[in-house]
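Computed from a predicted model, the values in this text were never measured in an experiment. Chain letters run A, B, ... following the sequence lines, proteins first and then strands; every chain starts at 1.
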Protein chains: 2
Amino acid sequence: MILKSQVEWALHCCAILAGLPPGRYLSTKALAELHGLPKEYLSKALQSLSQASLVETTLGPSGGYRLARSPSEINFLDIVEAVEGKSRTFTCSNIRANNPCRPKDFCDSKPCSVARIMWQADEAWRNTLKSVSLADLVDTLSEDVPADIWKNTFEWVLQRAG
Amino acid sequence: MILKSQVEWALHCCAILAGLPPGRYLSTKALAELHGLPKEYLSKALQSLSQASLVETTLGPSGGYRLARSPSEINFLDIVEAVEGKSRTFTCSNIRANNPCRPKDFCDSKPCSVARIMWQADEAWRNTLKSVSLADLVDTLSEDVPADIWKNTFEWVLQRAG
DNA sequence: CATTTGCGGATATATATTGTCCTTAATAAA
DNA sequence: TTTATTAAGGACAATATATATCCGCAAATG
């Protein structure tokens, strides 16, 4: 069970969008070149973000993507679920129902015990993701990345934004 | 990102093994028929449990599997990792290194910020799984499953254990 | 000896992921 | 108005992973 690489791409792209001057758009091309990613395929990840209303888009030259909300109002779970979908990481196929010792018409009051526990773990994962916003990520990044590299990066992408 | 169905199978099989009289073995065949699963493929999941030393095996008629430790000393994470592997659910391909604004020989002191956060969530997931033992599961199951069905089930599998 | 069993390898099929190519419509700049 | 650029999305292909089956081997049982 490994997350799609598009999740990683979407997170890094959102981090850049979060650091952009207000109102500016960034194209798929610029984001792909910055990260060394296949433009056409990255586009699918960005479309997922768009469908989830995490980003806004505009067409034409100097068009592209920008965040639809403030970085503090977008969290990791939003982005992960936009790309991976919202379904749980454990699916219960209810194999207990195959037990030949159970009456055929037996109806369970609760969901399967195994599933309940697996879903608790899934929830713990999601809660952690939900607790970190893009604003938090930008804070961490600007601590980690040397200031000059950080600054050059935004000049570089903005130059490509027309 | 969805867990393999073998994880579900392994958990249910372990639940049965945990409720078995001490010393008794249960064959792949019995476990497969009880749960309505393909015997040959379930066998792969049980082999994973064996390789992880969660179960002990013996050959020949009346052979099969039994837990290698007491149910209170085996937790969900043990079983999940035996089947899914121990690698994290998020892999960092270090795409920040592709940033053209970074000096070619730049060496990061810390792992990628995005990865650190994703790994925290992964750890929260694992910690939850680690906190629930097979003994806990058996307790939950015997609350959920009507006592007579629970009892019949073990008579049924033991009858198939020779 | 004959039967049952776990184990591992080889192989086949289905599904998911990754990636590319193309058309369309909208937008902005020249 | 014209041209270039863009996101959106459909079609398609390549690759990887998950699911499943089959076989032979060695060990254990009676």
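Within 4.0 Å of B/Gln51, counting heavy atoms only, lie sugar-phosphate atoms of the nucleic acid but no base atom. Nucleic acid contact for A/Tyr65: sugar-phosphate only, since backbone atoms but no base atoms lie under 4.0 Å from a heavy atom of the residue.
An OP1 or OP2 oxygen of D/dA28 is reached within less than 4.0 angstrom by no side-chain nitrogen or oxygen of B/Ser62. Look at B/Thr57 and you'll find a side-chain N or O under 4.0 angstrom from OP1 or OP2 of C/dC7. Not one side-chain nitrogen or oxygen of A/Thr58 sits closer than 4.0 Å to the OP1 or OP2 atom of D/dT6. Under 4.0 angstrom from either OP1 or OP2 of D/dT19 there lies no side-chain N or O belonging to B/Gln6. Taking side-chain N and O atoms only, B/Thr28 has a distance below 4.0 Å to OP1 or OP2 of C/dG6.
The interatomic distance linking B/Glu8 (CD) with D/dT19 (C1') rounds to 14 Å, in whole Å. Nucleotide C/dT17 holds its C1' atom 16 Å from the CZ atom of B/Phe90, rounded to whole Å. The interatomic distance linking B/Leu59 (CG) with C/dT5 (C1') rounds to 5 Å, in whole Å.
The stretch residues 31-44 of chain A touches DNA chain C through A/Pro38, A/Glu40, A/Tyr41, A/Lys44, each having a heavy atom within less than 4.0 Å of the strand.
Considering only side-chain atoms of A/Gln47, the nucleotide from C/dT3, D/dA8, D/dT6 that sits closest is D/dA8. The listed nucleotides are D/dA7, C/dT5, D/dA18; the one nearest the side chain of B/Lys4 is D/dA18.
More than 12 heavy atoms of other residues, nucleotides or ligands sit less than 6.0 Å from atom CD of B/Glu155.
Salt bridge status for A/Arg88 with A/Asp122: absent, with no side-chain N to carboxylate O gap under 4.0 Å.
Among the candidates A/Asp78, A/Asn75, A/Val80, the single residue satisfying the side chain to side chain contact (heavy atoms under 4.5 Å, CB included) test with A/Lys130 is A/Asn75.
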Quiz: residues 44-51 of chain A side-chain donor-acceptor pairs under 3.5 angstrom, not counting sequence neighbours:
unit_1  : atom_1 : unit_2  : atom_2 : d
A/Gln47 : NE2    : A/Ser43 : OG     : 3.0
A/Ser48 : OG     : A/Lys44 : O      : 3.2

